[in-house]
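First up is the structure itself, then whatever we jot down about it.
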Amino acid sequence: MEEGKKYSKELDVAVRVVHLCCSLCRGVQENLLSSSGDQVISKADDSPVTVADWSVQAVVSWVLAQSFGSDNVSIVAEEDVQTLSRPDSVDLLESVVATVNGCLSEASRYGLTSPDKALETSQVLEAISRCNSTGGPKGRHWVLDPVDGTLGFVRGDQYAVALALIEDGNVVVGVLGCPNYPLNKNLLNYHHDNMSRLSPRSSNAWEKGCVLYTTVGSGKAWMQPLVCGDRKLEWPNSAKLIKVSSIDDPALATFCEPVERANTSHTFSAGVANSVGLRKQPLRVHSMVKYAAIARGDAEVFMKFARVGYKEKIWDHAAGVLITQEAGGVVTDAGGRPLDFSRGVYLEGLDRGIVACAGETLHEQIIGAVYASWDSSNL
Ligand SMILES: Nc1ncnc2c1ncn2[C@@H]1O[C@H](COP(=O)(O)OS(=O)(=O)O)[C@@H](OP(=O)(O)O)[C@H]1O
Ligand SMILES: [Mg+2]
Ligand SMILES: [Mg+2]
Ligand SMILES: [Mg+2]
């Protein structure tokens, strides 16, 4: 069977549920930005989590179980129910349940089925905690980052909903929802606050949001505008092919990296950039939107070098990597080897960092520069 056809049902459901969840996130983000309440919760590692992270996880889990049967679905995802189940989290849990039910009641607009009646709290908790698979080298595992770049999300900035399917250790389907990706790529590095100063909400500058998707071996990646308001998802009619940039001259290339110093070494990346002749200011963007920028041809290089001891998780990369590769890009670790999605929750064996490029030429130069400058760095 042709690869693309092989995963057609999985892709269909994944694209629909990501659209649905992008709409959920938009609602929660608007609410978050317009209220001053303490709606951002800190996890044990001090990273933020919100009603949107848990709600998206519940919705995706519920829809996948409905579509493929709960016994057949293995999901590896970021969130668990520990915080939500605490006695002092009653209000939080209530808002998750309300958000999930509000979202699922809209499912038919996306060609999905709503539950017969609103889900009970216990069903929502069950849907979230069912996503506790640890993946591995055999069989099919869905991989979900319900909100990637939660920090960007709470800042009113870039974030992504990322869903992928791994089969026998390889990523075979990738779907990336980017609700704040601006139509005008020059606005990618504008923070929300600047954006509202820049133009009135009604102008074109505010047009934003897309869902990117692909299947392995197709050699094609697609983009759809986000469905919002009362519109219905017309799929696949409204999709456009995307392709990486053809720029291979570092002097003309743009590189992107995480916003926070805690997540990558800006200094090391700046050294690499300088030694290959990248001249432009780095584009610092939250979330897997960085992969989207490479896949859409809006930037040419993405580098991330986390601190020693940090282990990258598969849900932070799976969807973005496949979409970038099928759009014509190259993604490896800093040693030039492919990322290994077959070894559980973490990208085990990752050599130092991640390098994603629009093409081979840039990629070889970056890998060479990492090799040359690593020993003199303090990483
Ligand atoms: N210490 C450390 N080092 C490296 N990476 C880390 C670290 N801690 C967390 N994470 C993961 O980074 C994800 C967010 O990545 P971003 O590229 O969006 O970072 S940034 O906000 O732009 O700085 C973030 O994903 P989300 O939790 O989904 O937002 C984390 O999985
Ligand atoms: Mg993430
Ligand atoms: Mg996340
Ligand atoms: Mg997180």
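Computation of the quantities below employed the complete heavy-atom set of this structure, encompassing side-chain atoms and omitting hydrogens, waters and symmetry-equivalent molecules. Quick note: residue numbers are just sequence positions, from 1. For ligands, and for the atoms within them, numbers begin at 1 and follow the listed sequence.
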- Query: Nearest heavy atom to atom 9 (C) of ligand 1: which of Phe305, Tyr291, Tyr310, Phe153 does it belong to?
  - Reply: Tyr310
- Task: Consider ligand 1: state whether an atom of it lies below 4.0 angstrom from any non-hydrogen atom of Ala262.
- Result: yes
- Task: Could you list the atoms of ligand 1 found under 4.0 angstrom from a heavy atom of Asp145?
- Result: 28 (O)
- Around atom OH of Tyr310, are there more than 12 heavy atoms of other residues, nucleotides or ligands at under 6.0 Å? yes
- Nearest non-hydrogen protein atom, atom 27 (O) of ligand 1: Glu78 OE2, 3.0 Å
- Task: Output the list of atoms in ligand 1 that are nearer than 4.0 Å to some heavy atom of Lys304, sorted by atom number.
- Result: 4 (C), 5 (N), 12 (O)
- Between Leu151, Thr264, Val259, which one has a non-hydrogen atom sitting closest to atom 22 (O) of ligand 1? Val259
- Considering distance alone, does some N or O of Asn263 sit under 3.5 Å from an N or O of ligand 1? yes
- Message: To check your reading of the model: name the closest protein heavy atom to atom 18 (O) of ligand 1, its residue, and the distance in Å.
- Response: Ser287 N, 2.5 Å
- Under a heavy-atom criterion of less than 4.0 Å, does Asp45 contact ligand 1? no
- Task: For the Mg ion (ligand 2), check which protein N, O or S atoms are under 2.8 Å away and list them.
- Result: Asp145 OD2, Asp148 OD1, Asp316 OD1
- Item | Nearest neighbour of atom 23 (O) of ligand 1 from the list Lys311, Arg307, Glu260, on a heavy-atom basis | Glu260
- Query: Which heavy atom of the protein is the closest neighbour of atom 21 (O) of ligand 1, given with residue, atom name and distance?
  - Reply: His286 ND1, 2.7 Å
- Message: Tell me the protein heavy atom at minimum distance from atom 29 (O) of ligand 1, and give that distance in Å.
- Response: Gly149 N, 2.8 Å
- Message: Could you tell me, atom by atom, which parts of ligand 1 come under 4.0 Å of a heavy atom of Lys290?
- Response: 16 (P), 17 (O), 18 (O), 22 (O)
- Among all protein non-hydrogen atoms, which one is nearest to atom 31 (O) of ligand 1, and what is the separation to 0.1 Å? Asp316 OD2, 2.5 Å
